[in-house]
Amino acid sequence: MNKKIWSVLVVGIILLIPILGYELWYAPNYAGDDYYTFIGDSYQEVIEKDDSSNDFHAYYYNQKSFDKDGNEKLLKFNSAIGRPIKPDNFIKITYNEKRDRVLSWEKVQKNEVPTKSLDAINK
């Protein structure tokens, strides 16, 4: 019986390690809150040089964005695709408060934007 208890404890600890790792390290650093915005032609184009002295274009955005409750936050991010984001699109932005950084963005359909966010965007 004693071996059975120790086996259960060891297996329990082994299973807890990834869960604790996710909660204590991954989630605070690589997960975030979703914000929504509408992309127009409001970007800044910057021509930069890479390590081989080749020109590449970077497109930077400063967008008023809104969470699911309609709370506003000014977010700064770039297109990361080598061209500007197509205008007249709704974008969902994942923002990490701890790192004060936009982690990702993706195009969404208007019907995927929460109602309070959409109301705030349309004001």
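Here the shortest heavy-atom pairing between Ile85 and Ser79 reads CG1-CB, 4.0 Å. Nearest heavy atoms, Lys76 versus Val102: O-CG2, 3.5 Å. Annotation for Asp67 and Asn71: closest pair OD1-N, 2.8 Å, computed over non-hydrogen atoms. The two residues Leu74 and Lys64 come nearest to each other via the heavy atoms CD1-N, 3.9 Å. Minimum heavy-atom separation, Gly70 to Ala120: O-CB, 4.1 Å. The two residues Lys68 and Ser117 have their closest heavy-atom pair at CA-OG, 3.5 Å.
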Subject >> Evaluation steps, side chain to side chain contact (heavy atoms under 4.5 Å, CB included), between Leu15 and Ile19 >> reply: CA-CA 7 Å; Leu15 292 175; Ile19 294 169; 5.5 Å; no
**OP:** Please test Lys49 against Asp55 for salt bridge (charged side-chain N to carboxylate O under 4.0 Å, His left out), starting from the C-alpha separation and ending with a verdict.
**Re:** CA-CA 5 Å; Lys49 295 205 180 275; Asp55 289 345; 2.7 Å; yes
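The aromatic rings of Tyr95 and Tyr35 lie perpendicular to each other, with more than 60° between the two planes, well past the 30° mark. The aromatic rings of Tyr59 and Tyr43 lie perpendicular to each other, with more than 60° between the two planes, well past the 30° mark.
Interatomic distance, Asp69 CG to Lys116 NZ, rounded to the nearest 0.5 Å: 5.5 Å. Here Ile93 contributes atom CD1 and Trp105 contributes atom CH2; the two are 9.5 Å apart, rounded to the nearest 0.5 Å. For the atom pair NZ of Lys92 and CD of Glu106, the computed distance is 4.5 Å after rounding to the nearest 0.5 Å.
Counting only heavy atoms from C-beta outward, the side chains of Ile39 and Tyr61 approach each other to under 4.5 Å.
Residues that satisfy the side-chain hydrogen bond (donor to acceptor under 3.5 Å, both in side chains) test with Thr37, not counting sequence neighbours, are Gln63. Every residue two or more places apart in sequence or in another chain was checked for a salt bridge (Lys or Arg N to Asp or Glu O under 4.0 Å) with Lys86, and none qualifies.
Here the side chain of Ser65 pairs no donor or acceptor atom with the backbone of Leu75 at under 3.5 angstrom.
Chaining together hydrophobic side chains whose heavy atoms lie under 4.5 Å apart places Phe66 alongside Tyr36, Phe38, Phe90, Val108, Val113, Leu118, Ile121.
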